[in-house]
Amino acid sequence: MKSVFTVAAKEFSDGLRNRWLLSITIIFALLSVGLTYFGSAVAGETGLTSTSTTVASLASLAVFLIPLIALLLSYDSFVGELESGTLLLLLTYPINKTQLLMGKFIGQGSIIALAILIGFGASGVILYAHTQQTEIITVFSLFIASAVMLGLSFIAIAFIISISVSEKSKAAGAALIVWFIFALIFDLGLLALLVGTEDGISQQSLTFLMMLNPADTFRLVNLAGLDSADVNGALAIAIRSSLSLTQLLCVLVAWVILPLILAITLFTKKRM
């Protein structure tokens with residue numbers, strides 16, 4: 001484990017030096033605080049919004065922003081170092097491929113986790129300071145924990161991309177395609193399925209299909225306990241599913257573990 005944490009510390013320090021942590025935290029904080037104060041602007045209102053409205057707005061923002069940032073942070077983790085020759089140098093040290101990958105995962109995961117905690121946590125602090133409602137702590141703790149898992153799942157997916165391609169430019173293109181599919185195309189496909197199917201699809205089937213996308217699973221986790229008036233479209237139906245919060249969280253954790261296992265398998269079999 002000492003080798004793993006040494007690599008993790010290097011990745012984290014690289015993120016600090018390259019201003020990744022600072023820039024991501026500022027982006028999250030500005031957008032989350034803005035939504036907290038102006039989330040009801042479309043209704044002609046200003047000022048602090050309710051907890052349900054704030055979390056619903058933040059969840060809708062996070063499913064686009066967190067996957068994109070995680071992919072951009074990690075898409076060149078292996079192919080970039082392979083092109084520069086540093087990956088082969090690292091493997092000459094007393095460290096195996098699994099330790100190297102886990103070190104990178106922990107280091108880069110720590111960057112996005114800390115940025116989420118500070119950036120999105122700012123909204124929770126503001127709401128709690130104004131309302132003193134203890135439920136805000138519970139709601140935002142769940143939101144931040146699930147947001148971190150969403151970021152970790154896309155870091156693992158980015159690792160798969162980085163290991164599978166031979167050029168950094170290809171990895172960048174593949175990362176954008178993956179983000180486009182999970183963030184946009186998947187939901188459009190669900191909408192087309194709902195509208196285009198003559199008899200529609202059952203609530204259980206819709207929920208199952210949404211769990212095939214980590215971003216939609218993240219939405220289900222955070223919106224399941226909210227007032228349905230704050231949720232629109234297919235999500236308003238899916239959140240009334242029979243699945244418990246624990247089951248949804250297990251699915252989200254699986255979206256972290258399974259891609260990570262696949263990335264480790266691909267990396268250990270890859271010839272340098």
Side-chain angles (χ1 to χ4, degrees), residues 1-21 24 66-117 145-179 181-182 213-215 217-218 249-272:
M1 292 301 295
K2 182 178 179 181
S3 300
V4 172
F5 287 117
T6 299
V7 175
K10 175 202 175 279
E11 291 293 325
F12 190 82
S13 64
D14 287 346
L16 290 176
R17 185 172 61 254
N18 296 332
R19 302 293 189 271
W20 265 109
L21 178 59
I24 295 172
I66 292 177
L68 179 61
I69 290 177
L71 289 168
L72 292 177
L73 177 64
S74 306
Y75 80 92
D76 64 341
S77 295
F78 297 94
V79 68
E81 291 199 2
L82 184 61
E83 285 187 351
S84 63
T86 55
L87 183 59
L88 292 174
L89 178 62
L90 284 172
L91 292 175
T92 61
Y93 292 103
I95 182 172
N96 60 42
K97 291 182 178 180
T98 300
Q99 291 172 325
L100 178 61
L101 187 143
M102 288 303 301
K104 285 180 172 290
F105 182 77
I106 293 173
Q108 295 175 12
S110 298
I111 292 173
I112 202 164
L114 187 57
I116 289 171
L117 176 62
S146 57
V148 170
M149 286 189 283
L150 177 65
L152 293 178
S153 68
F154 276 91
I155 287 176
I157 292 171
F159 281 3
I160 295 174
I161 294 171
S162 188
I163 294 167
S164 301
V165 300
S166 58
E167 297 178 9
K168 188 175 177 179
S169 58
K170 292 180 180 179
L176 291 176
I177 292 172
V178 167
W179 174 80
I181 291 172
F182 281 114
N213 183 348
T217 305
F218 165 78
L249 284 172
C250 288
V251 174
L252 193 55
V253 171
W255 267 108
V256 178
I257 295 174
L258 295 180
L260 185 60
I261 291 174
L262 179 57
I264 292 172
T265 302
L266 292 174
F267 191 45
T268 54
K269 293 183 179 180
K270 186 179 179 65
R271 292 184 178 180
M272 298 299 166

Asks: Can any side-chain N or O of S74 pair as donor or acceptor with the backbone N or O of F159 at less than 3.5 Å?
Replies: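 Checking the backbone N and O of F159 against the side chain of S74, no donor-acceptor pair under 3.5 Å is found.
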Asks: Ignoring hydrogens and angles, tell me if any N or O in the side chain of E83 forms a donor-acceptor pair with the backbone of K168 under 3.5 Å.
Replies: yes
Asks: When you look at I112 and V148, which way does the side-chain contact (heavy atoms from CB on, under 4.5 Å) test go after all the steps?
Replies: CA-CA 7 Å; I112 202 164; V148 170; 5.7 Å; no
Asks: Using side-chain heavy atoms (C-beta onward) and a distance below 4.5 Å, is E11 in contact with I111?
Replies: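 No, too far: nothing below the 4.5 Å cut-off.
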Asks: Determine whether I66 and I116 make a side-chain contact, defined as any pair of heavy atoms from C-beta on separated by less than 4.5 Å.
Replies: yes
Asks: Please report the closest heavy-atom contact between I24 and A115, naming both atoms and the distance.
Replies: CG2-CB, 3.4 Å
Asks: Please find the pair of heavy atoms, one from I161 and one from A171, that lie closest to each other, and give the distance.
Replies: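 Result for this residue pair: CG2-O, 3.7 Å.
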Asks: Check whether any side-chain heavy atom of F12 lies under 4.5 Å from a side-chain heavy atom of L114, and answer yes or no.
Replies: yes
Asks: If we only count heavy atoms from C-beta on, is the L266 to S164 side-chain gap below 4.5 Å?
Replies: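 Sidechains of S164 and L266: in contact.
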Asks: Any idea which heavy atoms bring A215 and F182 closest together, and the distance?
Replies: CB-O, 4.4 Å
Asks: Quick check against the 3.5 Å criterion: does S162 have a side-chain atom that pairs as donor or acceptor with the backbone of V79?
Replies: yes
Asks: Show the nearest heavy-atom pair for residues G151 and A70, with the distance to one decimal.
Replies: O-CB, 3.6 Å
Asks: Tell me whether the NZ or CZ atom of K10 lies within the 45° cone about the ring axis of F5 and under 6.0 Å from its centre.
Replies: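 No.
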Asks: Any heavy-atom pair between the side chains of L100 and L87 that's under 4.5 Å?
Replies: yes
Asks: Determine whether L71 and I155 satisfy the following criterion, side-chain contact (heavy atoms from CB on, under 4.5 Å), listing intermediate values before the conclusion.
Replies: CA-CA 6 Å; L71 289 168; I155 287 176; over 6 Å; no
Asks: Do Q99 side-chain atoms and N96 backbone N/O form a donor-acceptor pair below 3.5 Å?
Replies: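 Indeed, once roles are kept as given, a pair shorter than 3.5 Å links the two residues.
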Asks: Looking at S77 and E81, what are the two nearest heavy atoms and their distance?
Replies: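 For S77 and E81, the tightest heavy-atom pair comes out as O-CG, 3.6 Å.
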Asks: Do N213 and T217 come close enough that some side-chain heavy atom pair is under 4.5 Å?
Replies: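 Not in contact.
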Asks: What verdict does the side-chain contact (heavy atoms from CB on, under 4.5 Å) test give for F218 and M149, after you've listed the backbone C-alpha separation in whole Å, the side-chain angles of each residue and the deciding distance to 0.1 Å?
Replies: CA-CA 9 Å; F218 165 78; M149 286 189 283; over 6 Å; no
Asks: Do M102 and V7 come close enough that some side-chain heavy atom pair is under 4.5 Å?
Replies: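 Side chain of M102 against side chain of V7, heavy atoms only: no contact under 4.5 Å found.
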Asks: Side chain to side chain contact (heavy atoms under 4.5 Å, CB included) with W255: which of I257, V251, L258?
Replies: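 Among the candidates, only V251 passes.
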Asks: Find the distance between CG (L262) and CD1 (I157) and round it off to the nearest 0.5 Å.
Replies: 10.0 Å
Asks: What I'd like to find out is whether the side chain of L72 reaches to under 4.5 Å of the side chain of W179, using heavy atoms alone.
Replies: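 Side chain of L72 against side chain of W179, heavy atoms only: no contact under 4.5 Å found.
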Asks: Go through S146 and L150 one step at a time and tell me if the side-chain contact (heavy atoms from CB on, under 4.5 Å) criterion holds.
Replies: CA-CA 6 Å; S146 57; L150 177 65; over 6 Å; no
Asks: List for me each residue that meets salt bridge (charged side-chain N to carboxylate O under 4.0 Å, His left out) alongside R17, sequence neighbours excluded, and say none if there are none.
Replies: D14
Asks: With rounding to the nearest 0.5 Å, note down the distance linking CD1 in I95 to NZ in K2.
Replies: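 Rounded to the nearest 0.5 Å, the CD1-NZ separation comes to 12.5 Å.
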Asks: Which pair of non-hydrogen atoms, one from Q108 and one from L73, has the smallest distance, and what is that distance?
Replies: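 Smallest heavy-atom distance, with atoms named: O-CD2, 3.7 Å.
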Asks: For L82, does its backbone N or O pair with a side-chain atom of T86 as donor and acceptor, under 3.5 Å?
Replies: no
Asks: Nearest 0.5 Å, please: how far is CZ in F78 from CG in D76?
Replies: 10.5 Å
